[in-house]
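Notes follow once the structure below has been shown.
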Amino acid sequence: MNIWFIGTGPFASLCLEGLNKRGVTFNRIITGLPTRSGRNGKENPSPVELKAVSLGLNVSRTGKLNDNHELMHELEVNNPDVIFVIDFGQIIREPFLSYMCLNIHPSLLPEYRGAAPVQRALIDGHSRTGVSVFRLVKAMDAGDVIAQREVEIAPEDDAEDLYIRLADIGSELAYESLNHIHELRFTHQDETLATYANKLDKKEFEVSFEMTADRIINTVRALAMSGGAYIMIRKKRIKLWRVSLRNNMKDSECGRVMKLDDSLVVSCADCAVEIREIQSEGKNIMSGIEWSRGLRLKEGDMLCSV
């Protein structure tokens with residue numbers, strides 16, 4: 001078959017790898033333009049481009065799809081049988097939608113349509129999620145579903161863990177769909193059950209010890225791939241990377257250091273959390289105990305969030 005792959009972000013790169021290892025051959029791999037950073041405007045190729053290069057696959061860059069006249073001509077001349085469009089960051093329009101455009105989406109559609117399904121599932125404290133293969137239509141993530149599989153969210157899973165697992169399962173489902181491309185069954189999504197996973201807001205990256213333990217833990221897990229959740233401690237922004245529940249400990253004041261021998265345990269709104277991995281600005285990630293030694297903390301001290 002003539003198969004194209006269009007994608008840019010980290011989930012797309014994982015799906016590209018998953019499909020490639022199952023023997024799928026792509027006639028075209030298309031990704032977005034690199035971002036730039038630093039004073040010299042250093043180019044940062046997309047995750048898909050980096051993955052394609054590492055796999056020895058040819059990849060081409062594009063700005064807006066419909067403004068790429070060379071690509072539009074090739075689409076018309078070569079007529080791809082299937083176009084995978086995953087984590088691309090652009091709205092897909094005609095004439096692409098006239099072809100078999102398939103997407104691998106990390107949720108059980110129609111749940112969590114949109115930009116941040118994995119992060120929202122974690123923030124909302126769900127114990128399960130899933131992955132869907134569906135056909136693209138004009139409306140966002142609203143096309144008919146071809147295949148789905150439910151996945152349990154383990155207490156230790158963060159966004160990266162789920163991205164890796166869901167991409168692999170989604171690639172397997174997509175590969176199976178390719179093998180039965182002329183026998184596919186399409187299931188309409190129930191619009192009355194649709195929910196949306198809105199893009200993360202900068203305000204959501206901040207947590208505080210005034211929050212419940214579950215809220216702190218779930219936010220930290222959800223933002224592990226997005227730069228990390230942070231907390232203001234003694235007027236400094238401190239990132240939290242690994243936090244776990246201590247529901248057998250409680251203090252009347254949020255932010256009090258309750259335990260400080262083999263672990264750093266701090267009280268919060270309903271119980272306490274153990275800070276396992278933490279990072280001060282400009283420093284490496286370290287254990288909570290290592291970090292506490294640098295501040296010369298003692299049991300009973302307050303880690304004020306102001």
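All residue numbers refer to positions in the sequence shown, counting from 1.
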Practice item. State whether Glu172 and Arg149 are salt-bridged, where the test is any N-O pair (Lys NZ or Arg NE/NH1/NH2 against Asp/Glu carboxylate O) under 4.0 Å. Key: yes
Point to revise | Heavy-atom check, side chain of Glu274 versus side chain of Leu264, under 4.5 Å | key: no
Check your understanding: Are the side chains of Met258 and Glu299 in touch, meaning some heavy atoms are under 4.5 Å apart?
Key -> no
Exercise for review: Might you work through the side chain to side chain contact (heavy atoms under 4.5 Å, CB included) test for Val131 and Ile104, ending with a clear yes or no?
Suggested key: CA-CA 7 Å; Val131 62; Ile104 302 173; 3.7 Å; yes
Practice item. Please name the residue in the list Thr212, Ile217, Ile216 that meets the side-chain contact (heavy atoms from CB on, under 4.5 Å) test with Cys268. Key: Ile216
Check your understanding: Any chance CG of Asn58 has more than 12 other-residue heavy atoms, nucleotides or ligands included, within less than 6.0 Å?
Key -> no
Review point. Taking Arg120 for the side chain and Lys199 for the main chain, is one N or O donor matched with an acceptor at less than 3.5 Å?
Key: yes
Check your understanding: So, the side chain of Asn179 versus the backbone of Glu176: is there a donor-acceptor pair under 3.5 Å, distance only?
Key -> no
Point to revise | Members besides Trp241 in its Ile/Leu/Val/Met/Phe/Trp/Tyr cluster (side-chain heavy atoms under 4.5 Å) | key: Ile285
Check your understanding: Does any N or O in the side chain of Arg296 come within less than 3.5 Å of the main-chain N or O of Ser292, such that one atom is a donor and the other an acceptor?
Key -> no
**Study point:** N/O donor-acceptor pair under 3.5 Å between Glu204 side chain and Asp201 backbone
**Key:** yes
Review point. Atom CG of Asn20 and atom SG of Cys15: how far apart are they, to the nearest 0.5 Å?
Key: 12.5 Å
Review point. How would you list, by chain and number, every residue that makes a side chain to side chain contact (heavy atoms under 4.5 Å, CB included) with Thr31, sequence neighbours excluded?
Key: Thr8, Ser46, Val48, Glu49, Val59, Arg61
Point to revise | Asn27 side chain reached by Pro80 side chain, heavy atoms, under 4.5 Å | key: no
**Study point:** side chain to side chain contact (heavy atoms under 4.5 Å, CB included) between Leu303 and Leu297, worked out
**Key:** CA-CA 9 Å; Leu303 293 181; Leu297 291 178; 3.9 Å; yes
Exercise for review: Could you walk me through whether Lys51 and Glu17 pass the salt bridge (Lys or Arg N to Asp or Glu O under 4.0 Å) test, one step at a time?
Suggested key: CA-CA 7 Å; Lys51 182 64 69 177; Glu17 182 177 34; 3.3 Å; yes
Point to revise | Electrostatic pair Glu191:Arg113 at N-O distance under 4.0 angstrom | key: yes
**Study point:** Polar side-chain atom of Ser132 near backbone of Ser107 as donor-acceptor pair, under 3.5 Å
**Key:** yes
Practice item. Please tell me if the side chains of Gln90 and Leu65 come closer than 4.5 Å, counting only heavy atoms from C-beta onward. Key: yes
Point to revise | Pairwise distance CG(Leu16) to CD1(Ile29) - rounded to 0.5 angstrom | key: 5.0 Å
**Study point:** Steps toward side chain to side chain donor-acceptor pair (under 3.5 Å) verdict (Glu111, Thr195)
**Key:** CA-CA 5 Å; Glu111 290 182 356; Thr195 59; 5.9 Å; no
Review point. Is Arg28 salt-bridged to Glu70, cutoff N-O under 4.0 Å?
Key: no
Review point. Got a salt bridge between Asp157 and Arg165, using NZ or NE/NH1/NH2 to carboxylate O under 4.0 Å?
Key: yes
Practice item. Take Ser263 and Arg246, measure what side chain to side chain contact (heavy atoms under 4.5 Å, CB included) needs, and give me the verdict at the end. Key: CA-CA 11 Å; Ser263 59; Arg246 286 297 190 95; 3.4 Å; yes
Review point. Which is it for Glu156 and Arg276 under the salt bridge (Lys or Arg N to Asp or Glu O under 4.0 Å) test, yes or no, and what are the steps along the way?
Key: CA-CA 12 Å; Glu156 291 292 312; Arg276 295 163 55 191; 3.1 Å; yes
Review point. What distance do Arg135 atom CZ and Leu102 atom CG have between them, rounded to the nearest 0.5 Å?
Key: 7.5 Å
Check your understanding: Got a sec: does the NZ of Lys250 have more than 12 other heavy atoms crowding it under 6.0 Å?
Key -> yes
Check your understanding: Counting only N and O atoms by type, is there a donor-acceptor contact under 3.5 Å from the side chain of Gln189 to the main-chain atoms of Asp141?
Key -> yes
Point to revise | Heavy-atom side-chain contact between Phe26 and Leu19 under 4.5 Å | key: yes
**Study point:** Any side-chain heavy-atom pair of Pro10 and Met225 under 4.5 Å
**Key:** yes
Review point. Is any side-chain N of the basic residue among Arg128 and Glu150 closer than 4.0 Å to the acidic one's carboxylate O?
Key: yes
**Study point:** salt_bridge(Arg221, Asp214) N-O dist < 4.0 Å
**Key:** no
Point to revise | ring-ring contact (aromatic ring centres under 6.0 Å, His included) pairs, two or more places apart, involving residues 60-118 | key: Tyr112-His126
Exercise for review: Could you tell me whether a side-chain N or O of Thr129 sits under 3.5 Å from a main-chain N or O of Val151, the two making a donor and an acceptor?
Suggested key: no
**Study point:** Heavy-atom donor-acceptor pair, Asp270 side chain to Ala213 backbone, under 3.5 Å
**Key:** yes
Exercise for review: For residues Leu97 and Ile92, determine if any side-chain heavy atom of one lies less than 4.5 Å from a side-chain heavy atom of the other.
Suggested key: yes
Exercise for review: I would like to know whether Glu94 and Ser98 meet side chain to side chain donor-acceptor pair (under 3.5 Å); could you show each step before the answer?
Suggested key: CA-CA 6 Å; Glu94 295 291 358; Ser98 298; 2.5 Å; yes
**Study point:** Contact list for residues 250-284, test ring-ring contact (aromatic ring centres under 6.0 Å, His included), sequence neighbours left out
**Key:** none
Exercise for review: Mind running side chain to side chain contact (heavy atoms under 4.5 Å, CB included) on Lys259 and Asp262 for me, showing each step along the way?
Suggested key: CA-CA 8 Å; Lys259 188 173 185 291; Asp262 58 343; 2.6 Å; yes
**Study point:** Residue pairs involving residues 156-206 (criterion ring-ring contact (aromatic ring centres under 6.0 Å, His included); sequence neighbours excluded)
**Key:** Phe11-Tyr163
**Study point:** NZ/NE/NH1/NH2 to OD/OE distance under 4.0 Å, Arg36 and Glu43
**Key:** yes
Check your understanding: Are there more than 12 heavy atoms of other residues, nucleotides or ligands under 6.0 Å from atom CG of Leu193?
Key -> yes
Practice item. Would you check if Lys21 and Asp168 make a side-chain contact, meaning some heavy-atom pair closer than 4.5 Å? Key: yes
Study note, to complete from the structure: Grouping ILVMFWY residues whenever side-chain heavy atoms fall under 4.5 Å, the cluster of Leu50 otherwise contains none
Point to revise | N-O pairing of Arg256 and Asp251 below 4.0 Å | key: yes
Check your understanding: Would you say the side-chain atoms of Asn103 pair up with the backbone N or O of Phe134, donor to acceptor, closer than 3.5 Å?
Key -> no
